[in-house]
Protein chains: 2
Amino acid sequence: MQELTKAEEQIMQVLWTVEKAFVKELLAEMNEPKPAYNTVSTIIRILEKKDFVSFTAFGKTHQYYPIVSREDYKTQISKSLVSKYFDGSFENLVSFFAKKEEIDLEELDDIIKTLKK
Amino acid sequence: MQELTKAEEQIMQVLWTVEKAFVKELLAEMNEPKPAYNTVSTIIRILEKKDFVSFTAFGKTHQYYPIVSREDYKTQISKSLVSKYFDGSFENLVSFFAKKEEIDLEELDDIIKTLKK
DNA sequence: ATTTTATAACTAATTAGTTAGTTTTATAAC
DNA sequence: GTTATAAAACTAACTAATTAGTTATAAAAT
């Protein structure tokens, strides 16, 4: 699986949210300043070539949908972050941010208890 | 703090490891295929402009060192990941990867116990 | 003092990514 | 059937990033 560029990621985030969409609909979901219709259209065709999206054709128009899930993509990029900055260990990441008090220990404790059941 | 491009990040990773270095030394630390000396030199000057590195001059030659720590940078990019993919919550990230069994629950429990002391 | 060497600085060339105009084509409206 | 419309496909222009050659300059060697 390849990495997404900034512009590609932006489109994917929208598509992951709406699950399927025509270019026009993607554009509608985007924040100002909106890119040109053709810009979105170009990027989605790049995403097609990268095998991140596919489409169903309705006559001439295409309804696009993700073929890489948000979950799979976030798994990949999280792992890449952990490998580059936390020695490949999620435990290191947790302990790093727990020390910085960015993670609540009680809450974490609850999460573990729930998962252990 | 700005984001690093791929090439910039590569140089920073080396510099963070060796703590201070002349261009020649950075190059020596890099894996094949090694870039040209001038490539490294250019990138480090970009990093200078971005305020990621500074240097001490020895006559004409510069010994570069990071002015943004690895810790600060990894904090930033981790937060950016969490905000984009985990709804801004580290707890979400932990629970996501715990469910995928990428994080060992016992180990996590130990970490929490240690930190609570 | 002149030549050599090593380095930073500058600059040019290339490649990757982004943006949007133009063209083509299928469908819809008349 | 011709014209209008809307979308994808193609393409060009632009911007950002990468790579490395050329130049200038300071220090070292002779």
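Lettering of chains follows the sequences in order, A, B, ..., and the numbering in each one begins at 1.
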Return the value, rounded to whole Å, for the distance between atom [atom1] of [X] and atom [atom2] of [N].
{"X": "Leu47(A)", "N": "dA9(D)", "atom1": "CG", "atom2": "C1'", "result": "16 Å"}
{"X": "Ile46(B)", "N": "dA8(C)", "atom1": "CD1", "atom2": "C1'", "result": "14 Å"}
{"X": "Leu27(B)", "N": "dT7(C)", "atom1": "CG", "atom2": "P", "result": "11 Å"}
{"X": "Lys24(B)", "N": "dT5(C)", "atom1": "NZ", "atom2": "P", "result": "13 Å"}
{"X": "Lys49(B)", "N": "dA16(D)", "atom1": "NZ", "atom2": "P", "result": "13 Å"}
{"X": "Gln63(B)", "N": "dT7(C)", "atom1": "CD", "atom2": "C1'", "result": "14 Å"}
{"X": "Ile43(B)", "N": "dA8(C)", "atom1": "CD1", "atom2": "P", "result": "14 Å"}

- Task: Check every atom of dT19(C), dA9(C), dT19(D) against the side chain of His62(B) and return the nucleotide holding the closest atom.
- Result: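 Side chain of His62(B) sits closest to dA9(C).
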Report yes if at least one side-chain N or O of [X] is closer than 4.0 Å to OP1 or OP2 of [N]; otherwise report no.
{"X": "Tyr37(A)", "N": "dA8(D)", "value": "yes"}
{"X": "Arg45(A)", "N": "dA8(D)", "value": "no"}
{"X": "Thr5(A)", "N": "dT18(C)", "value": "yes"}

- Message: Quick check on contacts: within residues 6-19 of chain A, what sits under 4.0 Å from DNA chain C by heavy-atom distance?
- Response: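 Result for residues 6-19 of chain A: Lys6(A), Ala7(A), sorted by number.
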Any chain of hydrophobic side-chain contacts (each under 4.5 Å) joining [X] to [Y]?
{"X": "Phe90(B)", "Y": "Phe96(A)", "answer": "yes"}
{"X": "Val14(A)", "Y": "Ile46(A)", "answer": "no"}
{"X": "Tyr65(B)", "Y": "Ile11(B)", "answer": "no"}
{"X": "Ile67(A)", "Y": "Phe22(A)", "answer": "no"}

- Item | side-chain contact (heavy atoms from CB on, under 4.5 Å) partner of Glu107(A), chosen from Asp104(A), Ile103(A), Asp109(A) | Asp104(A)
- Item | Pair assignment for dT22(D), Watson-Crick or G-U wobble, requiring both distances under 3.5 Å |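 Partner of dT22(D): dA9(C).
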- Query: Which base sits across from dC30(C) as a Watson-Crick or G-U pair, both distances under 3.5 Å?
  - Reply: dG1(D)
- Message: Could you check whether Glu19(B) pairs with Arg70(B) (Lys NZ or Arg NE/NH1/NH2 to Asp/Glu carboxylate O, under 4.0 Å)?
- Response: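 No.
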- Query: Which class fits the ring pair Phe55(A) and His62(A): parallel under 30°, tilted 30 to 60°, perpendicular over 60°?
  - Reply: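 Rings of Phe55(A) and His62(A): parallel, under 30°.
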- Where along nucleotides 20-28 of chain D does protein come under 4.0 Å, by heavy atom, of base (B) or sugar-phosphate alone (S), with - for untouched nucleotides? BBB--BSS-
- Query: Centres of the Tyr73(A) and Phe52(A) rings: under 6.0 Å?
  - Reply: yes
- Task: Taking all heavy atoms of Glu102(A) and all of Glu91(B), pick out the closest pair and write down the distance.
- Result: O-OE2, 4.4 Å
- Toward the 5' end of DNA chain C, which comes first, Lys50(A) or Glu48(B), by nearest nucleotide?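 So the residue in question is Glu48(B).
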